[in-house]
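Working notes for the structure below.
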Amino acid sequence: MTATSDLAAETKAILTEIGVPPDRYTGGTLAVTSPVTGAEIGRLKEHSTDEASAAIAAAHEAFLSWRNVPAPKRGELIRLLGEELRAGKAALGRLVSIEVGKIISEGLGEVQEMIDICDFAVGLSRQLYGLTIATERSEHRMMESWHPLGAVGIISAFNFPVAVWSWNAALAIVCGNSTIWKPSEKTPLTALAVQALFEKALKRYVAEGGEAPANLSTLLVGGRDLGELLVDHPQVPLVSATGSTAMGRAVGPRLAGRFARAILELGGNNAAIVCPTADLDLTLRGVAFSAMGTAGQRCTTLRRLFVHDSVYDRLVPRLQKAYGSVTIGNPLESGTLVGPLIDKQAFDRMQAALAAARAAGGKVTGGERVENGYADAFYVRPALVEMPEQTGPVEQETFAPILYVMRYSDFDKALALHNAVPQGLSSSIFTNDMREAEIFVSSRGSDCGIANVNLGPSGAEIGGAFGGEKETGGGRESGSDAWKAYMRRATNTINYGRTLPLAQGVKFDVA
């Protein structure tokens, strides 16, 4: 690995370019380190619970004003946000790579995803459609309408530090809500940058004649106590939370206890089935990216691979070769495909999972730490583990580049194993057999929220609703009709006649 420049100085330069005041990332108590070198790159001031409570109250007041702005005009603000993101793409993408450890193309890709959802939301601002409903009563009209919900809480994870915010915020704001964002403590600098870009867009919006309140987008910096405050606060009717299944088990009941809504994006133990007719060249590329991209730290990372007996001995040796030759190193350098794990805790969990796999009879290729000259940076070679059966660590999600490979001979049994884990986020099948493909995406096939054919489970476009089933939480973000989660539904009946017929023929005549 070549020597890395002073990341703290580069981070400061990027934040200055984007427009973040230095006092927001210096002199505080929350130390932020880059996984690229393990060095500190910022120190943020944390909000107290009193400050956070005041911010939530202010966000609620912003909602009360913003809901009165027509939706197409709300869309204009998001259009301007998209423009600011386009202008700041290179800088923000670089910052994502520094703070998360993603390779350059993935850092830029995450910002492009934000731009894409802004485009989607702008179009949506003219398509918040209700329904006209047939009524049995003459001279009556019945309709369904949708209204803004309130101040929306967003709790994001480290691995997609800005894109997940945009999936929620772009839709929520177009729908007439305000937002309160609590980013991961591991990646708050990118959140500061995004908030600065939003403030630029808001300033332009007002300068061009738009009416918008202050505190439309609020950022809370701090730890778990601030997340709990969002979850429990009566002025936050919806919380969208991304993280572990354990986090979801804590968040879900607390929201339900006060009848608030939840959008939960939790664990994913994603699998793919490789069938006898699969195009093995295509399969190799699809598996390699899905399993090794982002150093295995995507919720949609491929973690289990079922390979048919007839192609196992042709595909697996090629995968082992790819795992042994993939370029691991500084994600800021061109040519690198696999950057670092986020921290030592992630490395330790990976090693524990590999030890458990060996104890269960697994044959491990790779998985060792790759020396890089930085004691506090954790680079690893992705691990490919041939397992005799689906057991032990295979049934758990380890947020690291581990791919468990298993043979199968019967398609129905492979499909049953595919579905026999608690998580249900993303899935895929590699086949040129129409029946296998159609079964996989049918009601008797994959039980995941995402089911792909001839591409891996990792990576999604904003046009489709994103989320999963079972212990993945059941929430949906981004495209399709996910906007309905950020609004409340009302059924309206209007009597424009001079009589009062009752539904179902009920008679109730009074003198």
Side-chain angles (χ1 to χ4, degrees), residues 102 106 109-110 113 116-117 156-157 159-160 163-164 167 240-245 247-248 263-275 278 282-283 285-307 382 390 394-406 414-431 436-480 482:
K102 291 185 176 184
E106 288 194 89
E110 181 164 351
E113 197 165 0
D116 293 345
I117 195 63
S156 58
N159 60 327
F160 277 85
V164 169
W167 293 353
S240 175
T242 301
S244 67
T245 298
M247 182 272 287
I263 298 175
L264 298 178
E265 300 287 357
L266 309 176
N269 192 359
N270 314 294
I273 299 174
V274 182
C275 301
L282 182 150
T283 301
R285 293 194 301 273
V287 169
F289 169 70
S290 297
M292 292 189 282
T294 325
Q297 298 172 118
R298 287 181 176 229
C299 51
T300 54
T301 291
L302 177 61
R303 308 198 184 281
R304 298 176 295 135
L305 187 67
F306 300 97
V307 184
Q390 181 165 275
V394 186
E395 297 174 325
Q396 304 159 6
E397 180 190 35
T398 302
F399 224 58
I402 302 175
L403 178 62
Y404 300 105
V405 185
M406 291 152 283
L415 186 55
L417 287 170
H418 174 285
N419 293 343
V421 294
Q423 310 85 357
L425 178 53
S426 192
S427 59
S428 65
I429 187 170
F430 293 90
T431 182
E436 289 173 334
E438 290 291 341
I439 289 171
F440 188 76
V441 299
S442 73
S443 59
R444 60 179 269 210
S446 168
D447 62 0
C448 296
I450 300 169
N452 297 331
V453 176
N454 289 332
L455 69 158
S458 188
E461 296 182 36
I462 57 86
F466 181 89
E469 301 300 322
K470 302 190 295 187
E471 288 191 1
T472 301
R476 293 295 185 275
E477 295 171 324
S478 196
S480 185

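From a predicted model like this one, the values you see are computed outputs, not experimental measurements.
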- Message: Set out, in order, the CA-CA distance, both residues' side-chain angles and the distance that settles side-chain contact (heavy atoms from CB on, under 4.5 Å) for I429 and E436, then state yes or no.
- Response: CA-CA 8 Å; I429 187 170; E436 289 173 334; 4.3 Å; yes
- Report the C-alpha distance between V394 and M406 in whole Å, list the side-chain angles of each, state the deciding distance to 0.1 Å, and finish with yes or no for side-chain contact (heavy atoms from CB on, under 4.5 Å). CA-CA 10 Å; V394 186; M406 291 152 283; 3.8 Å; yes
- Would V421 and R304 satisfy side-chain contact (heavy atoms from CB on, under 4.5 Å), going step by step from the backbone distance to the final call? CA-CA 11 Å; V421 294; R304 298 176 295 135; 3.4 Å; yes
- Task: Determine which pairs satisfy ring-ring contact (aromatic ring centres under 6.0 Å, His included) with at least one residue from residues 437-475, sequence neighbours left out, and list them in order.
- Result: W167-F466, H418-F440
- Query: Looking at S458 and R298, what are the two nearest heavy atoms and their distance?
  - Reply: OG-CD, 3.1 Å
- Task: Taking the side chain as every heavy atom from C-beta outward, state whether F399 and N159 have any pair of such atoms under 4.5 Å apart.
- Result: yes
- Gap separating the CD atom of Q423 from the CD atom of E469, nearest 0.5 angstrom: 13.5 Å
- So, for A271 and F306, which heavy atoms are closest and what is the spacing to 0.1 Å? CB-CE1, 4.0 Å
- Short question: side chain of T431, backbone of A278 - any donor-acceptor pair under 3.5 Å? no
Considering only distance and modelled atom types, tabulate donor-acceptor pairs under 3.5 Å from the side chains of residues 443-450, sequence neighbours left out.
from : atom 1 : to   : atom 2 : distance (Å)
S446 : OG     : S427 : OG     : 2.7
S446 : OG     : C448 : N      : 3.2
D447 : OD2    : K470 : NZ     : 2.6

- Item | Non-hydrogen atoms of E110 and A163 that approach each other most closely | OE2-N, 3.0 Å
- Task: Report the distance from atom CZ of F160 to atom OG1 of T300, rounding to the nearest 0.5 Å.
- Result: 6.5 Å
- Indicate yes or no for a side-chain donor-acceptor contact from N269 to the backbone of P422 under 3.5 Å, with no hydrogens or angles considered. no
- Query: Any side-chain donor-acceptor pair under 3.5 Å between T294 and E106?
  - Reply: yes
- So which heavy atom on T301 is nearest to which on N270, and how close? O-ND2, 2.8 Å
- Message: With heavy-atom distances below 4.5 Å as the criterion, would you say the side chains of C299 and L425 are in contact?
- Response: yes
- Closest heavy-atom pair and its distance - M247, L266: CE-CD2, 4.1 Å
- Item | CG on L305 to CG on L403, rounded to 0.5 Å | 5.5 Å
- If you look at every heavy atom in L302 and A272, which pair is closest and at what distance? CD1-N, 3.5 Å
- Side-chain heavy atoms of E477 within contact of S240, under 4.5 Å: yes
- Task: Starting from the C-alpha separation in whole Å, work towards a yes-or-no answer on side-chain contact (heavy atoms from CB on, under 4.5 Å) for L282 and R285.
- Result: CA-CA 5 Å; L282 182 150; R285 293 194 301 273; 4.3 Å; yes
- Examine distances only and state if a side-chain atom of T472 and a backbone atom of G424 form a donor-acceptor pair shorter than 3.5 Å. yes
- Do the charged groups of E395 and R303 touch, with an N to O distance under 4.0 Å? no
- For S156, enumerate each residue passing the side chain to side chain donor-acceptor pair (under 3.5 Å) test, keeping only those at least two apart in sequence or located in another chain. W181
